[in-house]
Number of protein chains: 2
Amino acid sequence: MTHSAKSTVNEDPQKPEVDDVLSELDISSADRILIYLAVNAMKLGGHRYGAFVEAATTAAKLAVYTSYLEHGNNVRKTSLIHHVEPKRVRAIIKEVQDVLEDGKSLTTLSDQEPYYLSGLPYLWQEKYTWQPGEPRLNRSELTPGEQQDLEEKLPESYPPACVLDLFQFLDLIKLLHTKSQEDFPPRQRMALSDALTEHIKFRLLHSGTVVRMDTPSLSIPLFALARTHYAPKGERERVFTMIDDVARFFRLMQDWTQEQEGVMRALEVFDVDSDRRVEALQELDQLLQNWADKYHRDGGYPMLLQLAAGTRQPQDGQ
Amino acid sequence: MTHSAKSTVNEDPQKPEVDDVLSELDISSADRILIYLAVNAMKLGGHRYGAFVEAATTAAKLAVYTSYLEHGNNVRKTSLIHHVEPKRVRAIIKEVQDVLEDGKSLTTLSDQEPYYLSGLPYLWQEKYTWQPGEPRLNRSELTPGEQQDLEEKLPESYPPACVLDLFQFLDLIKLLHTKSQEDFPPRQRMALSDALTEHIKFRLLHSGTVVRMDTPSLSIPLFALARTHYAPKGERERVFTMIDDVARFFRLMQDWTQEQEGVMRALEVFDVDSDRRVEALQELDQLLQNWADKYHRDGGYPMLLQLAAGTRQPQDGQ
DNA sequence: CTCAGCGGGAGGTCCCCTCAC
DNA sequence: GTGAGGGGACCTCCCGCTGAG
């Protein structure tokens with residue numbers, strides 16, 4: 001719970017800190033959504049700071065582009081509406097149109113995790129496959145005994161992949177970065193600098209996806225692949241689900257603001273006996289399913305329902 | 001309703017365009033959330049393009065700041081995690097801490113609409129109050145007959161405020177902009193340039209908050225306040241509610257990803273008979289209320305439920 | 001290894017101006 | 001009014017380097 005400078009380090013609790021800061025700042029709802037997104041993308045998803053900012057400006061560019069279409073392709077009007085220079089508006093329009101024509105990937109948060117992180121376990125296992133029974137590493141500089149010692153340190157649970165030395169590991173990162181840049185137009189590509197390489201290496205080690213091995217008798221460090229995914233399976237799935245749910249919920253609410261037919265929004269604020277919380281939620285779950293079953297008819301009008309229920313916080317207001 | 005430019009124009013439908021573009025681009029959920037936010041803030045809320053981008057970078061800065069706290073105030077580690085220069089990390093930390101200490105407003109989407117737009121009707125009515133029975137405008141350059149003609153053009157429904165000439169109108173914008181900048185530290189303040197003034201004037205006229213009057217016999221244009229709010233009341237309220245709901249939903253889902261006790265998430269995908277849609281939703285509404293009433297007990301554990309239900313779209317997946 | 005400084009380049013956000021249709 | 005160009009200021013995000021504890 002506590003954290004503090006210098007001396008103690010606090011690795012595990014992530015959210016509490018965020019909520020603490022948020023509660024002290026009285027922030028608007030729109031800003032809060034941005035912050036939740038940023039935290040998820042940058043801390044859990046592993047996106048770079050710059051990548052998030054770029055994705056946000058991309059979203060803003062799309063807003064400009066749609067305004068442009070809605071106002072009869074009038075550059076000047078679009079410029080006035082959003083307070084963007086006509087010259088810049090033209091550049092934005094062109095950028096978006098080029099992407100639409102080529103079907104290239106425009107935006108920068110294209111996946112929950114950046115490819116150079118999430119793709120690594122796959123590429124590693126593919127390029128350096130390990131067959132059970134064979135040695136995971138084979139280095140002429142080591143005596144057979146030293147090799148065996150190292151092998152025995154490796155947990156059985158590690159994915160079937162060989163142990164690499166630093167250069168092989170860095171090459172892998174380089175390869176992945178190159179592949180991840182292929183989708184982008186040449187102009188937007190980012191060179192793989194030393195700083196970026198270090199960043200990627202750090203995230204892979206820090207997350208436990210890759211583990212560094214002690215090799216006192218070797219001058220070059222060795223690395224082992226410890227997980228098949230960048231993020232732990234459970235967490236990863238849940239964060240994915242959350243973002244999908246929020247996006248769907250957002251879209252439904254947009255329909256609601258337009259007062260479309262057959263769209264409903266509900267907010268329930270209430271208190272329950274502490275020992276009946278779980279019971280209440282279980283009953284709600286059952287109610288919803290029964291309700292959906294009751295009205296379901298194959299091939300009918302497509303419907304969607306998104307719900308979240310839990311502990312109310314002061315920031316929630318009302 | 002109509003206006004025109006060149007050939008075809010398309011003023012009314014706003015969302016359809018956005019959805020069209022979105023559906024062609026197959027965009028990730030995180031990006032979709034950003035886009036929804038950008039569209040709402042920039043097109044409906046009237047925020048500037050730059051304001052949205054700044055708000056997003058502010059969110060990213062907060063993410064960096066919390067990382068910094070969670071890693072024992074280690075600048076270098078934070079730098080590696082997010083791929084931000086140590087120098088820049090330090091600047092970000094300082095910026096956030098200064099804000100936390102002074103309680104100043106950090107972020108830029110502090111309200112749904114920017115103050116220089118939403119505050120105008122109030123200031124206008126306050127500075128140029130109009131008493132029924134008195135003339136709305138009094139200009140010595142006009143004959144009594146001409147004044148009367150203009151007065152008669154004004155709908156009764158207009159708020160009780162006098163008609164202003166261009167200079168008075170621009171002064172009002174200037175005053176509002178100055179007031180809206182007071183909360184910001186001097187460094188971040190933006191000068192009221194001609195371009196910005198034109199942007200604000202355009203938005204006020206374009207939204208119908210202010211209406212320009214034809215004055216053939218006068219060399220200076222006249223303006224009348226036509227609405228008491230920047231956005232139409234209903235729409236305004238609904239957009240507010242939507243953003244609040246999404247923020248609350250997002251927070252609940254974060255609790256869910258952490259597998260907290262007593263948090264529930266539900267997604268129902270189903271089809272119904274077209275003619276039973278409304279009936280189904282009404283019943284659902286009733287079910288929820290009954291359920292909440294059943295478990296409610298004053299002073300108990302604080303609970304919150306957010307729900308949205310409506311038409312399923314292809315983009316929704318599953 | 002961490003902290004600290006200073007150098008640079010590219011690109012984006014702002015500002016203002018003119019000229020042709 | 002709109003389109004299309006010119007200029008310049010400032011900041012931010014990237015990169016690289018060196019030196020002090």
Side-chain angles (χ1 to χ4, degrees), chain A residues 5-6 9 42 47-58 60-61 64 68 71-95 108 177 181 184-202 205 221, chain B residues 3-7 9 42 47-58 60-61 64 68 71-95 108 177 181 187-202 205-206 212 221:
Chain A
K6 304 277 163 187
V9 179
M42 290 172 56
H47 283 286
R48 296 179 309 105
Y49 172 89
F52 178 77
V53 173
E54 264 187 47
T57 71
T58 301
K61 285 177 190 171
V64 170
Y68 172 74
H71 290 85
N73 298 11
N74 185 324
V75 173
R76 200 181 182 89
K77 218 175 230 175
T78 310
S79 159
L80 279 167
I81 291 177
H82 297 299
H83 191 227
V84 180
E85 291 230 313
K87 203 192 312 179
R88 187 90 189 94
V89 170
R90 257 175 258 126
I92 290 171
I93 305 305
K94 188 178 181 320
E95 194 180 329
T108 34
H177 180 262
Q181 297 285 63
F184 293 94
R187 220 196 104 293
Q188 283 185 36
R189 285 186 199 169
M190 210 167 73
L192 180 64
S193 61
D194 292 350
L196 185 53
T197 309
E198 266 203 271
H199 160 72
I200 297 174
K201 178 164 155 261
F202 181 88
L205 290 169
Chain B
H3 81 291
S4 53
K6 305 274 158 186
S7 39
V9 179
M42 290 171 56
H47 282 285
R48 295 179 308 105
Y49 172 91
F52 179 78
V53 173
E54 263 189 48
T57 71
T58 302
K61 285 177 189 172
V64 170
Y68 171 73
H71 292 278
N73 299 10
N74 185 327
V75 172
R76 194 178 181 90
K77 215 175 232 176
T78 310
S79 160
L80 280 168
I81 290 177
H82 297 299
H83 191 225
V84 180
E85 293 223 317
K87 201 195 315 181
R88 186 98 188 87
V89 170
R90 255 175 256 125
I92 290 172
I93 305 305
K94 188 179 180 322
E95 195 179 329
T108 34
H177 179 262
Q181 296 286 61
R187 220 195 106 291
Q188 284 186 33
R189 287 185 197 171
M190 209 166 74
L192 180 64
S193 61
D194 292 350
L196 185 53
T197 309
E198 267 203 272
H199 160 72
I200 297 173
K201 179 163 155 260
F202 182 87
L205 290 169
H206 192 67
R212 181 176 171 151

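In the text below, chain A, chain B and the rest are named by the order of the sequence lines, each starting its count at 1.
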Can you check the H71(A) NE2 to dT2(D) P distance for me, whole Å? 11 Å
Does the side chain of N74(B) get closer than 4.0 angstrom to OP1 or OP2 of dC1(C) through an N or O atom? no
Starting at CZ of R88(B) and ending at P of dA4(C), how long is that distance when rounded to a whole Å? 17 Å
Hey, does R88(A) have a side-chain heavy atom less than 4.5 Å from the side chain of K61(A)? yes
Quick one: CD on E54(B) to NE2 on H47(B), what's the gap to the nearest 0.5 Å? 12.0 Å
For nucleotides 14-21 of chain C, give me one character per nucleotide, 5' to 3': B if any protein heavy atom sits under 4.0 Å from the base, S if the only such contacts are to the sugar-phosphate, - if neither. BBB-----
Report yes if the side chains of L192(B) and T197(B) come closer than 4.5 Å at any heavy-atom pair, otherwise no. yes
Counting only side-chain nitrogens and oxygens, does R76(B) get under 4.0 Å of the OP1 or OP2 atom of dT2(C)? yes
What's the separation between atom OG1 in T57(B) and atom CZ in F52(A), rounded to the nearest 0.5 Å? 9.5 Å
Nearest-Å distance, CD (Q181(A)) to P (dC14(D))? 12 Å
List in chain and number order the residues that pass side-chain contact (heavy atoms from CB on, under 4.5 Å) with S79(B), two or more places apart in sequence or in another chain; answer none if no residue qualifies. P86(B), V89(B)
Spacing of H82(B) atom NE2 relative to dT12(D) atom C1', expressed in whole Å: 18 Å
dG3(D), OP1 or OP2 - any side-chain N/O from R90(A) closer than 4.0 Å? no
Figure out the CD/P separation between E198(A) and dC14(D), and round it to whole Å. 16 Å
Nearest heavy-atom neighbours spanning H206(B) and H71(A): NE2-NE2, 3.4 Å
What's the CG-P distance between N73(B) and dT2(C), to the nearest Å? 15 Å
Return the minimal non-hydrogen interatomic distance between Y68(B) and T78(B), and the atom names on each side. CA-OG1, 3.4 Å
Rounded to whole Å, CD1 of I200(A) lies from P of dC14(D) at a distance of 13 Å
Figure out the CE/C1' separation between M42(A) and dC13(D), and round it to whole Å. 13 Å
